[in-house]
Every structure is written in structure tokens, then in C-alpha cells.
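Scroll down for the structure; my scribbles are underneath it.
Not measured: the values here are computed from a predicted model. The figures here come from the full heavy-atom set of this structure, side chains too, leaving out hydrogens, waters and symmetry mates. Remember, it's 1-based here, ligands and their atoms both numbered in the order they're listed.
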Amino acid sequence: MLCNDEMRKGILSRLHGYRFEHTLGCERAAKFLAGRYGGDAEKCAFAAVLHDMTKQLSKEEQLNLCEKYGIIPCNVEKNEPKMLHGKTAAALALDEYGAPQDVADAIACHTTGKAKMTLLDKILYLADYIEDTRDFPGVEKARELAEQDIDRALLYCFDQTLIELIGRGKLIHSDTIAAYNDLVGQGVCWRDA
Ligand code: FE
Ligand code: FE
């Protein structure tokens, strides 16, 4: 067993308020998507429980963890240190919770996406986006697509994220562009023909 009840409770006890509710929602969504797309439900749920474990950390704490685990922030991450929470949570998942590498990899890319995402990567990314407590424009469409086709749903999420970042004048991580290009390059399209 990857994560027994006691370990799960221990991880969840580090989360507070909205982050706690969001993580439980993400765990439910990850299990649903695992069932829908033939993913490993145990790994998907474990990744979901761990994915935002370091999100509440300060900029300094985030950068200290990077230093400790040899994570070298890119220019975009230096500008937006919160973006590092996927990578720092992945490092802790491996080091403190004995997570398998593929679970850690999914956690590491849950904020930005990346090219050549595995089914586990895709499930965590999408679960994080569509879970029940989410309430932003477009989430209903993402949920609808998530029931139909995981790649179309994923591309919809990247499209919305890119549009939103550009709208706010924010930097875009190169991994998000790589994720978008990878899906579009494969002929994925979420719009109805
Ligand atoms: Fe996150
Ligand atoms: Fe999250």
C-alpha cells in the first residue's frame, strides 16, 4: 500500500482551510478520472493528497526547499515562486512519503503541465482543475470534456490558463507552452467540429 489511512491523515493535517477542502476534492476527482480512463486509482489518489502540500509556504521556504533538493528555478519560477510548489511537493513526496517516481513526476508538473504527459500526470492536472470546489468561468466546460476525452479536456485547461495569464499580463512557463504544443501537434482539438 502506498498510503495507509494514518499517512493520509498526517498529510491532510498539514493543510488548512480551503487547501484542505480542495485537496479532498482533488482526491475524489482523481479517483473518478482513474476509473474513467483506466488509471491507477491508488497512485492517482496519493498524488492528489500530496500535490499542494507546500503551496502555503513562503517564498523563502519555497526557495530553501529548492536549495535542499537541487531544484533550479527558471526565470519564470524566480518571478513567481509559488509556481515551485509542484516541484517542492514532489521532492517531499519522494523524500518523506516514499512516493513512487511516477507519482512524484505527476505532482511536479501539476501546476504547469509539460510535453509528453503520462496518464497519471494528466489525471492529476485535470483533477486539480475540475474538482468540486472549483468555481471559475469555464470549469463546467472542463468538467463536461473530462467525462468525454481526457486530452481534449486537458487542452481546454491549457487554453484557458494561457488566455487567463495573457489577460493578466503574467509570465508563461515554457512547460505550459510545451504542453499546449504537444497536444495541438497531436491533432487534439476541444472545439466541436
Ligand atoms: Fe497546486
Ligand atoms: Fe491544487
> How is the N/O/S atom of Asp128 that comes nearest to the Fe ion (ligand 2) named?
Replying inline: OD1
>> Any N/O/S atom from His110 (main chain or side chain) under 2.8 Å of the Fe ion (ligand 1)?
In response: yes
> Can we say Lys114 and Asp182 salt-bridge, meaning some charged N sits less than 4.0 Å from an Asp/Glu carboxylate O?
Replying inline: no
> Has the side chain of Glu77 got a donor or acceptor atom that lies under 3.5 Å from a matching backbone atom of Cys74?
Replying inline: yes
> When you measure from the Fe ion (ligand 1) to each N, O or S atom of Asp52, which atom gives the shortest distance?
Replying inline: OD1
>> Restricting to N/O/S atoms, is His22 within less than 2.8 Å of the Fe ion (ligand 2) or not?
In response: yes
> Would you say the side-chain atoms of Thr54 pair up with the backbone N or O of His85, donor to acceptor, closer than 3.5 Å?
Replying inline: yes
> Which N/O/S atom belongs to His51 and is the closest one to the Fe ion (ligand 2)?
Replying inline: NE2
> Would Glu131 count as a contact for the Fe ion (ligand 2), in the sense that one of its N, O or S atoms lies under 2.8 Å from it?
Replying inline: no
> Below 4.0 angstrom, N of the basic side chain to O of the carboxylate: do Lys87 and Asp105 qualify?
Replying inline: no
>> Under 4.0 Å between a side-chain nitrogen and a carboxylate oxygen: does that hold for Lys170 and Glu164?
In response: no
